[in-house]
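To start, the structure itself, in C-alpha cells.
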Amino acid sequence: MSRLGAAGMETLAVIDFETTGMSPGQGARATEIAVVLVCDGRIVDRYQNLMKTGAYIPPFIEELTGISNAMTRNAPAADKVMREVADFVGGYPLVAHNAAFDKKFWDAELARAGKARQQEFTCSLLLARRIYPNAPNHKLGTLVRYAQVPEAGRYHRALADAEMTANLFLRMEEELIRRYRLDSVPHALWQAIQATPKNKLEACVERFRGND
DNA sequence: TGCCAGGCCCTCTTTAGGGCCTT
C-alpha cells in the first residue's frame, strides 16, 4: 500500500535505527530511530526519538554513534516510541540503507510493542549497487559524496542518516528519470530494480516501461 | 563447551567461500 501526496506522487518513509549491536537475535536493542517522509521529490516530514530499552550500550557503540547509556536512560520507553513511529509511518512503503539490518530491528521492536509490520522494505544499498555500479563502494557516506548529496549532520545519528538516505534516494530517482527519460519512478519500479540482477538495470526499466 | 548476524553478490561457483554493508 502506498498513499499519494498532493501532486499524485507516492509517499515513502525512509527509516534509520541506531542500536546496541548488529542483531536483535543476539540481544541487540534499538537506541534511536528516525523516519523522514519523502513525497514529490522532497522531504515533507520528520520523526526522531531516542528510546529506552535498558540494554547496555558498549563503549565502541557510544563512540560510534554519540549515543550514551546516560542519554537512553532518560529517553522515552521503546514500546511507546515504536507505537508512535508506527502511527507516523502508517502504511507507507519503507526505505532503508541496507534494509536487511533495519528490517530486523523494525520487526523486533514493533513486536515488543505489540504491533506488526504492514509493508515491504526497499533497500537503497541494493538500488545504489545497480544505479551507481562504479562508485568506490556503497557505504552511505561514500554514496552521499559520490552522488553529491548534501550532508545532513553527524553520521551514525538516526535523523542525519535517514535524511541522507532520503536525499540519496531522491538523487537516484532523478538519475533514473534522466537516464531513461521516465516521467516518474513508481514504487513498483523500485521494487523491480531491487529484485533484478545487478547488471540488468536497463532491461528491467525497459520491461517495466513496456508493461506500464 | 564454545560459539554466536545475515542477505546480497562476485568468482578461481552452483557438492563454496568470502567480501560488502548495517550498529
Side-chain angles (χ1 to χ4, degrees), chain A residues 13-36 48-73 75 78 81-82 85 94-112 117 119-147 149 151-169 172 190-204:
Chain A
V14 184
I15 184 174
D16 188 71
F17 274 107
E18 303 306 318
T19 72
T20 65
M22 297 308 298
S23 174
Q26 290 185 300
R29 296 293 306 273
T31 58
E32 187 179 47
I33 185 168
V35 179
V36 302
Q48 179 270 330
N49 228 330
L50 290 165
M51 44 207 280
K52 177 182 181 175
T53 65
Y56 172 69
I57 306 171
F60 164 67
I61 304 288
E62 282 193 330
E63 179 70 23
L64 178 72
T65 64
I67 298 169
S68 67
N69 286 286
M71 288 163 69
T72 52
R73 213 159 25 237
V81 172
M82 289 307 298
V85 73
L94 288 161
V95 177
H97 199 68
N98 197 16
F101 176 86
D102 293 274
K103 185 178 179 178
K104 285 187 298 188
F105 282 93
W106 179 255
D107 288 351
E109 296 293 350
L110 266 192
R112 287 173 176 273
R117 177 160 52 91
Q119 63 278 88
E120 284 308 306
F121 271 83
T122 299
C123 178
S124 58
L125 168 63
L126 296 183
L127 297 173
R129 280 179 177 160
R130 288 151 180 75
I131 295 166
Y132 300 125
N134 297 323
N137 61 57
H138 297 87
K139 294 177 187 177
L140 179 60
T142 302
L143 288 165
V144 162
R145 288 184 289 275
Y146 182 79
V149 169
E151 300 204 1
R154 179 189 168 135
Y155 283 101
H156 295 298
R157 282 305 296 263
L159 184 58
D161 281 4
E163 288 200 21
M164 287 188 280
T165 300
N167 284 323
L168 171 65
F169 186 86
M172 290 195 287
W190 288 122
Q191 290 278 298
I193 291 170
Q194 176 175 269
T196 209
K198 217 184 130 184
N199 59 348
K200 296 281 194 284
L201 172 61
E202 184 167 357
C204 175

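Quantities reported herein were computed from a predicted structural model and do not represent experimental measurements.
- Atom-to-atom distance recorded for A/Arg73:CZ and A/Asn69:CG is 6.0 Å, nearest 0.5 angstrom.
- Open room surrounds CD on A/Glu63; 12 or fewer heavy atoms of other groups in view lie less than 6.0 Å from it.
- Between A/Asn199 and A/Phe101, the residue whose closest nucleotide on DNA chain B is further toward the 5' end is A/Asn199.
- Heavy atoms from other residues, nucleotides or ligands lying under 6.0 Å from NZ of A/Lys139 number 12 at most.
- Whole-Å rounding puts the A/Lys103 NZ to B/dG6 C1' distance at 12 Å.
- Listed candidates were B/dC20, B/dT23, B/dA5. Nearest to the side chain of A/Lys104 is B/dA5.
- For A/Asp102 and B/dA5, the CG to C1' distance is 14 Å, given to the nearest whole Å.
- Scanning residues 136-143 of chain A for heavy-atom distances under 4.0 Å to DNA chain B yields A/Asn137, A/His138, A/Lys139, A/Leu140.
- Looking only at side-chain heavy atoms (C-beta outward), A/Ile33 and A/Ile15 come within less than 4.5 Å of each other.
- Distance alone, capped at 3.5 Å, places no donor-acceptor pair between the A/Thr142 side chain and the A/His138 backbone.
- Checking B/dT23, B/dC9, B/dC21 against the side-chain heavy atoms of A/Leu125 singles out B/dC21 as nearest.
- Using a 4.0 Å heavy-atom cutoff across all strands shown, A/Thr65 reaches sugar-phosphate atoms only and no base atom.
- Rounded to whole Å, the C1' atom of B/dT15 lies 22 Å from the corresponding atom of B/dG19.
- Distances were taken from every side-chain heavy atom of A/Ser23 (C-beta onward) to each of B/dT23, B/dG7, B/dA5; the shortest belongs to B/dA5.
- Residue A/His156 places at least one side-chain N or O closer than 4.0 Å to OP1 or OP2 of B/dT23.
- When the P atom is compared between B/dT13 and B/dG18, the two are found 13 Å apart, to the nearest whole Å.
- Atom CD of A/Glu18 is separated from atom P of B/dC21 by 18 Å (rounded to the nearest Å).
- Across B/dC4 and B/dC9, the matching C1' atoms stand 24 Å from one another, rounded to whole Å.
- Panel note: side chain A/Glu151, backbone A/Val144; no donor-acceptor pair is recorded below 3.5 Å.
- Not one N or O on the side chain of A/Thr196 forms a donor-acceptor pair closer than 3.5 Å with the backbone of A/Leu201.
- Atom pair A/Leu127:CG and B/dG7:P shows a separation of 19 Å (rounding to whole Å applied).
- If you take CZ of A/Phe105 and P of B/dG7, they are 14 Å apart, rounded to a whole angstrom.
- When each of A/Leu64 and A/Gln194 is assigned the nucleotide of DNA chain B with its nearest heavy atom, A/Gln194 is the one assigned upstream, toward the 5' end.
- Here B/dT23 presents its P atom at 13 Å from CD1 of A/Ile33, a figure rounded to the nearest Å.
- For A/Arg29 and B/dT23, the shortest distance from a side-chain N or O to OP1 or OP2 is not below 4.0 Å.
- Note that the CD1 atom of A/Ile131 and the CZ atom of A/Phe169 stand 8.5 Å from one another [nearest 0.5 Å].
- When the C1' atom is used for both B/dC8 and B/dG2, the distance is 28 Å, rounded to whole Å.
- Nucleotides B/dG6 and B/dT23 have their C1' atoms positioned 14 Å apart, rounded to a whole Å.
- When rounded to the nearest whole Å, the span between CG of A/Leu201 and C1' of B/dC9 equals 16 Å.
- Using a 4.0 Å heavy-atom cutoff across all strands shown, A/Asp16 reaches sugar-phosphate atoms only and no base atom.
- Within the structure, every side-chain polar atom (N or O) of A/Gln26 is placed at least 4.0 Å from both OP1 and OP2 of B/dC4.
- For the atom pair CG of A/Leu125 and CD of A/Gln194, the computed distance is 9.5 Å after rounding to the nearest 0.5 Å.
- Residue A/Arg130 is classed as a sugar-phosphate contact, given heavy-atom separations below 4.0 Å to backbone atoms only.
- Spacing between atom CG of A/Asn98 and atom C1' of B/dC8 amounts to 9 Å, rounded to whole angstrom units.
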